[in-house]
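In this text the structure is predicted, and so the values were computed from the model without any measurement.
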Amino acid sequence: MQQKKLLRSYRLLLRLSLYLSAFFIFSGFTVIGHRGDPLAAPEETFQSFNDAFAAGARYAELDLRESQDGTLVIAHDANLERISGQDISISKTNFAQLQQITQNNGESIHSLAELFAEYQNQPQARFVLETKKSKKNKPTDMEAKVAALVQQYHMENRVLVQSFSAASVESFSQLLPTVPRYLIVNELSDLNFDTMPYLTGINLDTALATPTFLQQMHTLGKKVLVWSDMDEQADALASTSLDDIDGIVTNYPQLASDYDQAKRGTHLTVLDATAATVSATHRVDSATNPYLTWTAATPLAAQQTYSLNSLVTSPQHTYAAVNAQRWVNTDYLNFGSDALLAAPYLAGKVSLKPQQISYPLVASPSQPQQITGRLQGSQNATITAAKLINGQLWFELDQQGWLPAEQTLITLAGAEQENQYQQLLPCAKLTDLKLPNFSDYLRSPVKNLPLSLLQRSLLAPKPIYLQAQFNPKNN
């Protein structure tokens with residue numbers, strides 16, 4: 001009866017999770033070196049573990065099997081042929097014989113006791129211990145042996161335990177109640193509500209870590225680790241880092257650590273049918289990931305409107321997603337009617353107001369602390385982008401840096417820009433503006449037309465005044 005009530009409670013929580021806000025706060029994720037750093041050193045050797053920690057991994061993951069004489073041996077495979085070239089079954093060989101086998105770096109096969117003895121005085125070295133069990137949950141004494149060694153070496157605060165065996169994880173809930181416990185799953189069908197109360201979280205293939213599933217697990221108070229096999233591709237970390245995961249078991253601990261550090265302190269907001277316009281005269285670069293932006297995606301076209309689905313905000317910048325792998329710096333985007341307020345000034349010329357000797361140009365209008373250059377009082381520059389932030393208009397000049405529009409005198413670029421400017425409400429117009437003679441916009445053969453015809457041409461159709469105001473929505 002009690003189990004039925006528990007099952008109903010979990011189902012209710014799963015339903016409620018679907019109605020949660022689509023706003024997440026990211027604070028990074030735990031990096032776990034898969035068998036250490038297997039691309040730098042032979043897997044599950046001390047060298048591999050050390051390399052993983054040096055690369056930024058918080059934990060090193062390892063696998064446990066039992067030798068014929070009951071010793072807990074660190075090895076992924078049941079047979080050592082892949083890593084040593086020798087056809088030796090761990091369960092049919094005593095540990096003393098296994099110790100004679102070496103890997104490519106000269107290290108022998110290690111026991112869990114040797115591992116704890118090696119690292120007991122290195123408090124930053126932490127380990128994920130995976131029990132390798134048969135379908136009949138054998139060997140049955142493995143959990144008790146793990147628990148005894150963890151307690152002997154006082155590693156309770158430095159290990160996680162995990163297994164594909166739900167029975168193994170459940171045993172640890174009694175033997176090591178303070179140690180986090182994870183069930184590894186190949187398919188979501190491997191999960192059941194009877195096991196859920198014993199779990200700190202789950203460890204699943206990255207392909208199964210959908211946003212909805214992650215949200216459901218977090219609603220249940222369960223953490224989610226993700227893993228890829230030995231054929232993991234480094235570029236997959238770009239998309240994996242976008243997920244609201246709690247940790248990743250990876251063959252690339254250095255790269256994962258870079259994503260982890262870049263992700264800390266950022267916020268992801270999922271948007272609902274939000275449009276933004278590229279308020280620039282040039283194409284704007286985009287990246288495949290908003291945290292580490294060194295991998296380029298297809299640039300965004302100038303003065304085009306795009307549909308956005310999410311924002312990632314950090315203290316340094318905000319990036320918007322056009323799709324899953326196309327992120328753009330929002331310095332070049334204006335949302336909604338803000339684009340109308342910025343459009344008239346694009347490609348215009350600016351100079352500083354009289355009596356100003358120079359004014360600093362900054363790297364970003366949202367982060368004006370970093371100075372990239374200066375606009376001199378005698379200098380003219382071209383407006384290559386315009387951005388509204390908190391009611392203030394900023395100009396990018398010659399793609400070299402930004403300054404507040406209020407510091408400048410502006411000459412509009414042409415008739416189209418003048419028409420856009422005239423359609424703005426008076427309260428939305430910049431006033432330090434120079435409007436060239438309208439005849440300057442005309443081709444030379446028609447400059448001699450009577451003034452009345454020129455006026456009629458420029459004034460028809462009548463301007464429509466748009467209801468746009470300085471009320472930006474992006475910040």
Could you walk me through whether Phe172 and Tyr198 pass the side chain to side chain contact (heavy atoms under 4.5 Å, CB included) check?
CA-CA 9 Å; Phe172 281 123; Tyr198 304 109; over 6 Å; no
Verdict with supporting geometry, Thr274 and Phe335, side chain to side chain contact (heavy atoms under 4.5 Å, CB included)
CA-CA 8 Å; Thr274 298; Phe335 293 78; 3.6 Å; yes
Side chain to side chain contact (heavy atoms under 4.5 Å, CB included) between Met217 and Leu220: does it pass, once the steps are laid out?
CA-CA 5 Å; Met217 288 298 101; Leu220 295 174; 3.7 Å; yes
Mind running side chain to side chain contact (heavy atoms under 4.5 Å, CB included) on Gln162 and Val169 for me, showing each step along the way?
CA-CA 6 Å; Gln162 66 175 14; Val169 177; 6.0 Å; no
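Identified under the side-chain hydrogen bond (donor to acceptor under 3.5 Å, both in side chains) test for residues 350-359, with sequence neighbours left out: Lys353-Asp432, Gln356-Gln407, Ser358-Arg374.
Counting only heavy atoms from C-beta outward, the side chains of Leu204 and Leu188 approach each other to under 4.5 Å. Side-chain atoms of Pro404 and Leu393, non-hydrogen and from C-beta on, never get closer than 4.5 Å to each other. Within the 4.5 Å cutoff, no side-chain heavy atoms of Pro344 are placed close to those of Glu418. Pro365 is listed as a side-chain neighbour of Trp402, based on a closest heavy-atom distance under 4.5 Å. Residues Leu361 and Ile371 fail the side-chain proximity criterion, which asks for heavy atoms closer than 4.5 Å. The side-chain heavy atoms of Val278 and Tyr306, taken from C-beta on, include a pair separated by under 4.5 Å. In this structure, the side chains of Leu424 and Lys429 come closer than 4.5 Å at one or more pairs of heavy atoms. Two residues are said to be in side-chain contact when any heavy atoms from C-beta on lie closer than 4.5 Å; Asn186 and Asp190 meet this criterion.
The OG atom of Ser228 sits 6.5 Å away from the CD1 atom of Ile248 when rounded to the nearest 0.5 Å. Summarising the geometry, atom OG1 belonging to Thr200 is positioned 11.0 Å from atom CG belonging to Asp246; distances are rounded to the nearest 0.5 Å. One distance of note links OG1 of Thr30 with CG of Asp260; it measures 7.5 Å at 0.5 Å rounding. Taken from CD in Gln420 to CG in Leu340, the straight-line distance is 8.5 Å, to the nearest 0.5 Å. Atoms CG and CG, from Asp51 and Asp37 in turn, are 5.5 Å apart once rounded to the nearest 0.5 Å. The CG atom of Leu237 sits 8.0 Å away from atom OH of Tyr252, with the distance rounded to the nearest 0.5 Å.
Annotation: Tyr259 is not in aromatic contact with Phe29 [ring centroid separation under 6.0 Å not met].
Using cut-offs of 30° and 60° for the angle between ring planes, the His282 and Tyr332 rings count as perpendicular. Ring-plane geometry between Phe49 and Phe46 is classed as tilted, the angle between the planes lying from 30 to 60 degrees on a 0 to 90 degree scale. Under the 30°/60° scheme for interplanar angles, the aromatic rings of Tyr421 and Tyr345 are found to stand perpendicular.
Residues Ala55 and Ser257 come closest through the heavy atom pair O-CB, 3.6 Å. Smallest separation of non-hydrogen atoms from Ser163 and Leu183: O-CD1, 3.4 Å. In terms of heavy atoms, Ala347 sits closest to Thr281 at N-CG2, 3.6 Å. For the residue pair Thr318 and Thr313, the shortest heavy atom distance occurs at OG1-CG2, 3.4 Å.
For Gln174, the CD atom counts as loosely surrounded, since its 6.0 Å shell holds 12 or fewer non-hydrogen atoms of other residues, nucleotides or ligands. Within a 6.0 Å sphere centred on CG of Asn192, heavy atoms belonging to other residues, nucleotides or ligands number more than 12. Open room surrounds CD on Glu187; 12 or fewer heavy atoms of other groups in view lie less than 6.0 Å from it. For Gln370, the CD atom is loosely surrounded, since the number of other residues' heavy atoms within 6.0 Å does not exceed 12.
When the salt bridge (Lys or Arg N to Asp or Glu O under 4.0 Å) test is applied to Asp77, the partners found at least two apart in sequence or on another chain are Arg82. Considering only residues two or more places apart in sequence or on other chains, Asp63 meets the side-chain contact (heavy atoms from CB on, under 4.5 Å) condition with Arg35, Glu44, Glu61, His76, Glu130, Lys132.
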